[in-house]
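Below, chain A is the first sequence line, B the second, and so on; all start at residue 1.
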Amino acid sequence: MLVVYNSLTKQKEVFNPIDPQNVRMYVCGMTVYDFCHIGHARVLVVFDVIYRYLCKLYGAEKVTYIRNVTDIDDKIIQRANENGEDFSQLTGRFIEAMHEDAAALGVLPPNQEPCATAHMQQIIEMIEALIKNGKAYAADNGDVYYSINHFKDYGQLSGKKLEDLRAGERVEVDEAKRDPLDFVLWKAAKPDEPSWPSPWGKGRPGWHIECSAMSTHCLGNHFDIHGGGMDLQFPHHENEIAQSEGATGEKFVNVWLHNGFVRVDEEKMSKSLGNFFTIREVIKTFAPEVIRYFILTSHYRSPLNYSETNLNNARAALTTLYTALKGMEDVEAANHGSVSVDKFYKAMDDDFNTPEALTHLFELAKEINKHRQTDVQKATEAAAELKFLAAQLGLLQQSPDSFLKAGSGEGGLSDAEIEALIQKRNEARANKDWAESDRIRDELKEQGVILEDNAGQTSWRRE
RNA sequence: GGCGGAAUAGCAAAGUGGCUAUGCAGUGGAUUGCAAAUCCAUCUACCUCGGUUCGACUCCGGGUUCCGCCUCCA
């Protein structure tokens, strides 16, 4: 029985899909004007794991996962102008880069990846519905605004009261707005800006409306899960509720899931602070799977501190798991019904507790190591289960050798050079020339290559 | 100021009203030509002050510190 923490009710509740034959999840994806950083990696990975687990529970063909792309907004326009290129050229490039990064991290593609620019009709229709329902108004300057006073439940998700928002007024005063808290649905185009025709003149959508329009269009008026980063809770998701419910008159979303931030030195990793590390940058030093593992070592709602130490720890932990799987390459992933499997599911059922789930992977690794010499049957079954469970987290998807021999960074000795030195060392060992044997091992160690003599075989890995 | 979250061993990070979390690192032992890997054992904990309780790291209340949101942000 899956229990999830719902940001809307601020408590854990049993997850009951509206229709178990069609479980629907929408996640706010990226605004594509730059490369994805580790914070984005966290959203990608966290919701990928949630998606995988929903597929496991309900069947892959019964789960629909939508993750949008924001491909038009102020920053995109600004960046495109700086580069002197068309905005769509810029977004096209970064969408492609995002797909590369996601694939590297083992993130499954969502069922659909709608873009704002491809859904202008739906966006305009929803704004028209809002105006018709008296929730929105067209201002004299060509903008269309949502009238916050006409949605009585405003603040239900973020727990904010209108008075409080007014008290701490940080919203710019805008003459065109009837209330300073009203937010824009449609922005009139400035000269030379990309624009789309609308009943209110040429313009483009505000940020919040695209997610309302696209999620409703792809999943229906009322669906199960809406996710995103914690910072989207307000105003973005709050506004989405106001828009969707204001337009359709129906309940919008049952469960809201928000992931915590990646931090650097106790500070949120963000573009504006400039303390971010892009996925492609980090991948140069750490295997993408190490990043994925690192993300899963912390609960999705907890903060996650980015540091080289933590990534090194993640790599060491993965090395332990892959080392256990050495010699088990041919074992097929399978569930043999051990206690570890039960506990793994119990952890995942408890609001996707991946750190707890991971501990059961180590139980299985230990089983393999303990029995591999004495009880091959047992060891094999444990290996099958380890692969089986790890796969649900998108981990241990490569051969132990390809992980263990990859190491970090480029340069150093080639595989062939390493094999040749090992060959030389084994000849020395056969002659009991320990001095020469150790010299070669030290030489390799200096090059970041670790040797392991096991059962008469010498294997190696890069540090 | 308003709202929300967090404080656990050297580091990271779960969890539980009484029973070894786990990973990395450390220590002792087994194994090894010596190592590495592995196995066995083991040392370091639950911010603070009160309360409830036979018993609290775990529940309740006060305090302190940190973080996030309230403007674009995953």
Side-chain angles (χ1 to χ4, degrees), chain A residues 7 10 27-31 36-47 67 70 73-75 78 155 158-161 163-172 181 207 227-236 238 258-263 266-273 276 293-294 296-299 301-305 307 309-321 323-324 326 343 347 350 353-363 365-366 368-374 404 429 432-435 437-438 441-442 445 450-455 458-461:
Chain A
S7 306
K10 298 191 176 42
V27 171
C28 289
M30 263 54 80
T31 301
C36 292
H37 59 62
I38 300 297
H40 300 121
R42 192 175 191 192
V43 195
L44 291 169
V45 169
V46 159
F47 286 101
R67 192 185 61 220
T70 296
D73 90 324
D74 291 348
K75 283 182 177 164
Q78 189 192 336
S158 55
K160 291 182 193 305
K161 301 190 191 86
E163 321 69 281
D164 295 340
L165 287 167
R166 294 211 166 84
E169 208 80 81
R170 285 165 76 179
V171 184
E172 257 179 77
L181 295 177
W207 175 38
M230 253 161 193
D231 48 358
L232 298 186
Q233 205 163 333
F234 188 89
H236 186 55
E238 191 70 64
H258 291 102
N259 67 277
F261 293 119
V262 176
R263 300 195 214 160
E266 303 302 313
E267 252 187 338
K268 176 182 170 182
M269 179 183 287
S270 74
K271 293 250 171 78
S272 37
L273 286 168
F276 63 92
Y293 182 93
F294 161 66
L296 298 179
T297 55
S298 154
H299 184 89
R301 284 189 283 118
S302 302
L304 175 63
N305 221 42
S307 76
T309 312
N310 293 348
L311 284 170
N312 277 321
N313 274 352
R315 175 157 64 194
L318 267 181
T319 301
T320 300
L321 294 176
T323 303
K326 267 166 71 171
K343 288 182 175 167
D350 182 14
N353 191 339
T354 55
E356 171 78 28
L358 286 173
T359 66
H360 304 300
L361 263 37
F362 287 92
E363 282 170 13
K366 184 164 268 192
I368 300 170
N369 290 330
K370 207 168 7 179
H371 297 301
R372 70 189 326 144
Q373 301 296 338
T374 51
L404 295 170
R429 290 177 75 214
K432 297 204 187 313
D433 184 354
W434 307 128
S437 162
D438 291 352
R441 188 171 61 199
D442 289 346
K445 175 93 170 60
I450 308 288
L451 298 191
E452 291 168 16
D453 299 326
N454 253 325
T458 301
S459 61
W460 62 273
R461 63 188 159 91

* **Partner nucleotide, any strand, of A41(B) [Watson-Crick/G-U, under 3.5 Å]** => U27(B)
* **Between U38(B) and C47(B) - P atom distance, rounded Å** => 32 Å
* To do: Using atom CZ of R429(A) as one end and atom P of G33(B) as the other, report the distance to the nearest whole Å.
  => 8 Å
* Between G33(B), C70(B), U22(B), which one does the side chain of F234(A) approach most closely? -> C70(B)
* Q233(A) CD to U71(B) P, straight-line distance once rounded to whole Å -> 14 Å
* Asked: Once you round it to whole Å, what is the distance between C1' of G23(B) and CG of L304(A)?
  -> 15 Å
* To do: On RNA chain B, check which nucleotide each of T320(A) and K161(A) is closest to and give me the residue with the more 5' one.
  => K161(A)
* Asked: Is the closest basic N to carboxylate O distance between E363(A) and K366(A) below 4.0 Å?
  -> no
* To do: Quote, to the nearest angstrom, the P distance that separates G10(B) from C69(B).
  => 31 Å
* For G15(B), does either OP1 or OP2 sit under 4.0 Å from a side-chain N or O belonging to N353(A)? -> yes
* Is any side-chain N or O of R301(A) closer than 4.0 Å to OP1 or OP2 of G4(B)? -> no
* According to a strict under-4.0 Å criterion, is T323(A) in side-chain N/O contact with OP1 or OP2 of U38(B)? -> no
* To do: Examine the side chains of K75(A) and T31(A) and answer whether a donor and an acceptor come within less than 3.5 Å of each other.
  => no
* Asked: Heavy atoms under 4.0 Å, any strand shown: does G260(A) hit a base, just sugar-phosphate, or nothing?
  -> base
* **5' precedence on RNA chain B between L318(A) and I450(A) (nearest-nucleotide basis)** => L318(A)
* Just call it for G228(A): base, sugar-phosphate, or nothing, with non-hydrogen atoms closer than 4.0 Å on any strand. => sugar-phosphate
* For atom P, what is the distance between G2(B) and G62(B), given to the nearest Å? -> 15 Å
* Structure fact -> For R42(A) and S302(A) the tightest heavy-atom approach is NH2-O, 2.6 Å
* Would you mind classifying the nucleic acid contact of H37(A) as base, sugar-phosphate or nothing, using non-hydrogen atoms under 4.0 angstrom? => base
* What are the two closest heavy atoms between D231(A) and K268(A), and how far apart are they? -> OD2-NZ, 3.3 Å
* C47(B) - base-pair partner by Watson-Crick or wobble geometry, distances under 3.5 Å -> G63(B)
* Should the ring pair F276(A) and H37(A) be called parallel, tilted or perpendicular, given that the plane angle runs from 0 to 90° and is split at 30 and 60? -> tilted
* OP1 or OP2 of C39(B) less than 4.0 angstrom from a side-chain nitrogen or oxygen of N369(A), does that happen here? -> yes
* Asked: Can a side chain N or O of K268(A) be found less than 4.0 Å away from OP1 or OP2 on C69(B)?
  -> yes
* To do: Using a 4.0 Å heavy-atom cut-off across all strands, classify N310(A) as base, sugar-phosphate, or nothing.
  => sugar-phosphate
* To do: Look at the side chain of K366(A) and decide which nucleotide, out of C66(B), A74(B), C39(B), has an atom nearest to it.
  => C39(B)
* CD of Q373(A) versus P of A30(B): gap in Å, rounded? -> 19 Å
* Return no unless some side-chain N or O of K370(A) is found under 4.0 Å from OP1 or OP2 of C40(B). => yes
* To do: Please give the nucleotide sitting opposite A35(B) as a Watson-Crick or G-U wobble pair, both distances under 3.5 Å, or none.
  => none
* Just how far, in rounded Å, is C1' of U20(B) from NE2 of H360(A)? -> 14 Å
* Asked: When the P atoms of U31(B) and G18(B) are considered, how many whole Å apart are they?
  -> 40 Å
* Among the nucleotides A74(B), G15(B), G33(B), which one has an atom lying closest to any side-chain atom of M269(A)? -> A74(B)
* To do: Counting Watson-Crick and G-U wobble pairs only, both distances under 3.5 Å, name the nucleotide matched with G68(B), or none.
  => C3(B)
* Would you kindly check whether a donor in the side chain of R441(A) faces an acceptor in the base of A35(B), or vice versa, at under 3.5 angstrom? => yes
* Between A37(B), C34(B), G2(B), which nucleotide has the shortest distance from any of its atoms to the side chain of K160(A)? -> G2(B)
* Structure fact -> Rounded to whole Å, the CZ-P distance (R166(A) to G1(B)) equals 22 Å
* Measure the spacing between CG of L318(A) and OG1 of T323(A) and express it to the nearest 0.5 Å. => 10.0 Å
* Asked: Looking across every strand, which nucleic acid part, if any, lies under 4.0 Å from S302(A) by heavy atom: base, sugar-phosphate, or nothing?
  -> sugar-phosphate
* Structure fact -> Which of C72(B), G33(B), A36(B) is nearest the side chain of S437(A)? It is G33(B)
* Distance between P atoms of A7(B) and A13(B) (Å, rounded) -> 10 Å
* Any idea which of C24(B), A74(B), A14(B) is nearest the E356(A) side chain? -> A14(B)
* Distance between the P atoms of C46(B) and A9(B), in whole angstroms? -> 8 Å
* Identify the heavy atoms of G260(A) and M230(A) that sit nearest to each other, and give their distance. => CA-SD, 3.7 Å
* To do: For U53(B) versus A12(B), give the span between their P atoms, rounded off to a whole number of Å.
  => 37 Å
* **Short side-chain N/O contact to A74(B) OP1/OP2 from T31(A), under 4.0 Å** => yes
* With respect to the side chain of N313(A), which nucleotide from G23(B), A14(B), C34(B) is positioned closest? -> G23(B)
* To do: Could you give the distance separating A35(B) and U58(B) at their C1' atoms, to the nearest angstrom?
  => 44 Å
* Asked: Taking the side chain of F261(A) as heavy atoms from C-beta outward, which of G33(B), A36(B), A74(B) is closest to it?
  -> A74(B)
* Which part of the nucleic acid, if any, lies within contact of R461(A), taking any heavy atom under 4.0 Å across all strands shown: a base, the sugar-phosphate backbone alone, or nothing? -> sugar-phosphate
* To do: Output the single nucleotide from A74(B), U22(B), A36(B) whose closest atom is nearest the side chain of F362(A).
  => U22(B)
* Asked: Base, sugar-phosphate, or nothing: which does V46(A) touch, judged by heavy atoms less than 4.0 Å apart?
  -> nothing
* To do: For L321(A) and G23(B), give me the distance from atom CG to atom P, rounded to whole Å.
  => 10 Å
* Asked: Taking all atoms of both residues into account, what is the closest heavy-atom pair of A365(A) and L321(A), and its distance?
  -> CB-CD2, 3.9 Å
* **d(CZ, R263(A); P, C69(B)) in whole Å** => 11 Å
* Between D438(A) and R441(A), is there a salt bridge with N-O shorter than 4.0 Å? -> yes
* To do: Could you tell me whether a side-chain N or O of T319(A) sits under 3.5 Å from a main-chain N or O of R315(A), the two making a donor and an acceptor?
  => yes
* Asked: Which nucleotide in the set A74(B), G33(B), C69(B) lies at the smallest distance from any side-chain heavy atom of H40(A)?
  -> A74(B)
* Structure fact -> Checking N1-N3 plus N6-O4 or O6-N4 for Watson-Crick, or N1-O2 and O6-N3 for wobble, each under 3.5 Å, the partner of C54(B) is G18(B)
